[in-house]
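Keep in mind that this is a model prediction, so the values were computed, not measured. Numbered from 1 within each chain, the chains take letters A, B, ... in sequence-line order.
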Amino acid sequence: MQILENINVKVEKEEVLRLLGHSKSVPLLSEIERILRIEIREGYRLVEPKAMYTKLGVKEIDSSSIILDNDFILHVNGTTRPWRNSEHVIIALCTIGSALERRVAELFNEGNLVSAVVLDSVGSVAVESVDDLVYHFIYQREEELGFSVSSRLEPGCGEWSLGDQEVIKKILQPAKIGIKLNEYCMMIPEKSISFCVATGKELDSEMIASPCQICGMNNCKYRSVE
Amino acid sequence: MQILEEIARKVVDGGYLEVKELTQSAVNQGINIKDILDQGLVAGMSVVGERFKKNEVFLPNVLMAARAMKSGMEILEPLLIETGTEPIGRIALGAVQGDIHDIGKNLVAIVLKGAGFEVIDLGVNVPPQRFVKAAKEGVPLIGMSALLGTTMPFMKINIEAFEEAGVRDQVKIIIGGAVVSQAYADQIGADGYAPDAVSAVDEAKRLLSLS
């Protein structure tokens, strides 16, 4: 298991604006521009990016689950098909810590609504940035070993039970990077992401495409495929 | 009246200090409190809401307007209570059980308040019994949010809880959240669905027959 700490988070203003629903045709008020500048700077000050990952061999894939080394089982249910030909599963957790979330709550309580919402979006962009950096780090390493790497999937996606966050917790012990699970298997801090990727020499092409392809939530706001 | 138009304009611009000042001036001039509210503050919020729907402004503009509206309301609220003016409607809002994400729900609350609703914030991770309790207490509209597909099923569980408690007919239920859709609302038997905070106001008014 590896812990990554020196992660250079990148927060693009355009991405923050996109998350806030900004369309390029809408002129930005100078006050909103000012708040964006301040909160992006504040975001960089508050983020505490950390990540961890581990690579486990795949022992068996049956109709509803993936059995890993040490007999850990991922209950992916109806989504096992794309995992066939996986030789390993890499499980990763990323977070930006809780300081930014605390500041968002303070801003809300102070009535600084725009600042709160902008900083929250900065946090979302920051944790996605950690997620991307870790994924690409893993991708490069696996590619060097001659493996294909799948797109990212996570418990809660499609029919994959969110309860498997508990399995990930047992495998990775996320307290080491400050992540805990609540009773509903949600990660705290909220700005945390877990993901799994399959690696293998003959990975199924379906596994390399967007995870939205195996998720039945056709109207989801985050959906990236038709 | 010119000052009321000015208040509305400043709400649109998000000028909360000016709105506060102008609202106080309007009160000092003896203008009817309800007129200041309707033709000044609410009128300004309505303009912003319409612009939001046409994609002419985005969320931070709505929030700036809401903040400006709030600064005016701080002056009007005690006077509205004195004169016995009622909110246009009441709604209890909460993120469903298991869901701890409150930003979206808070935004809906802010915009609904801006539109003249009394909002009872039930918080996050709200168990079905708490929603049912609000209905039993006479709140006519219940809003439920869920950010994740994994917590979304609690919306259906809550609707079943209203039915089991015999209060389903007493309330209208509106749902929202990133993964929620009109199709899902129809599927679970919710009365309304709103994709964003501004639409939530329109939908709340429709469900309470205010529009």
Side-chain angles (χ1 to χ4, degrees), chain A residues 16-29 31-33 35-36 39 101 104-105 108-121 123-124 154-165 182-191 215-223, chain B residues 12-16 51-52 54-71 74 95-107 109-111 114 124-125 147-154 176-187 193 195-198:
Chain A
V16 177
L17 284 168
R18 191 188 67 78
L19 278 189
L20 288 166
H22 183 253
S23 141
K24 282 183 179 157
S25 60
V26 175
L28 275 182
L29 289 179
E31 176 63 4
I32 295 174
E33 283 267 23
I35 291 171
L36 264 170
E39 297 310 331
E101 284 172 21
V104 169
F108 251 113
N109 292 336
E110 290 164 8
N112 291 319
L113 308 176
V114 181
S115 298
V117 168
V118 170
L119 184 60
D120 183 72
S121 292
S124 297
E154 62 193 51
C157 170
E159 291 180 43
W160 188 354
S161 160
L162 188 68
D164 271 4
Q165 294 281 31
N182 72 6
E183 60 186 306
Y184 304 102
C185 292
M186 287 190 184
M187 286 183 283
I188 297 168
E190 281 176 49
K191 301 290 187 206
C215 180
M217 295 172 70
N218 296 324
N219 295 307
C220 175
K221 188 177 171 184
Y222 304 121
R223 193 168 183 84
Chain B
V12 174
D13 294 344
Y16 69 99
R51 288 186 183 174
F52 181 81
K54 291 179 194 161
N55 280 328
E56 292 172 2
V57 296
F58 73 134
L59 183 63
N61 296 90
V62 178
L63 295 176
M64 282 178 67
R67 186 183 193 186
M69 163 113 190
K70 188 166 175 272
S71 73
E74 280 165 11
V96 297
Q97 187 157 342
D99 210 312
I100 54 172
H101 302 92
D102 62 354
I103 296 266
K105 185 254 312 159
N106 291 347
L107 297 180
I110 287 159
V111 179
V124 295
N125 188 19
L147 182 79
L148 304 171
T150 48
T151 54
M152 202 166 77
F154 271 101
V179 293
V180 180
S181 64
Q182 181 64 57
Y184 184 69
D186 296 340
Q187 185 192 323
Y193 157 73
D196 55 63
V198 173

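The side-chain heavy atoms of B:I100 and A:Y184, taken from C-beta on, include no pair separated by under 4.5 Å. Between B:N106 and A:F108, some side-chain heavy-atom pair lies under the 4.5 Å cut-off.
For B:N125, the part sitting under 4.5 Å from any heavy atom of chain A is the side chain, from C-beta outward, and nothing else. For A:L28, the part lying under 4.5 angstrom from a heavy atom of chain B is the side chain only. With a 4.5 angstrom heavy-atom cutoff, A:L113 touches chain B via backbone and side-chain atoms both.
Annotation: maximal heavy-atom pairing with chain A below 4.5 Å, among B:I103, B:T151, B:D99, B:V62, occurs at B:I103.
Residue B:L147 holds its CG atom at 8.0 Å from CE of A:M186, rounded to the nearest 0.5 Å. Here B:L59 contributes atom CG and A:L19 contributes atom CG; the two are 11.5 Å apart, rounded to the nearest 0.5 Å.
The minimum heavy-atom distance between B:P60 and A:V114, with the atom names listed, is O-CG2, 3.6 Å.
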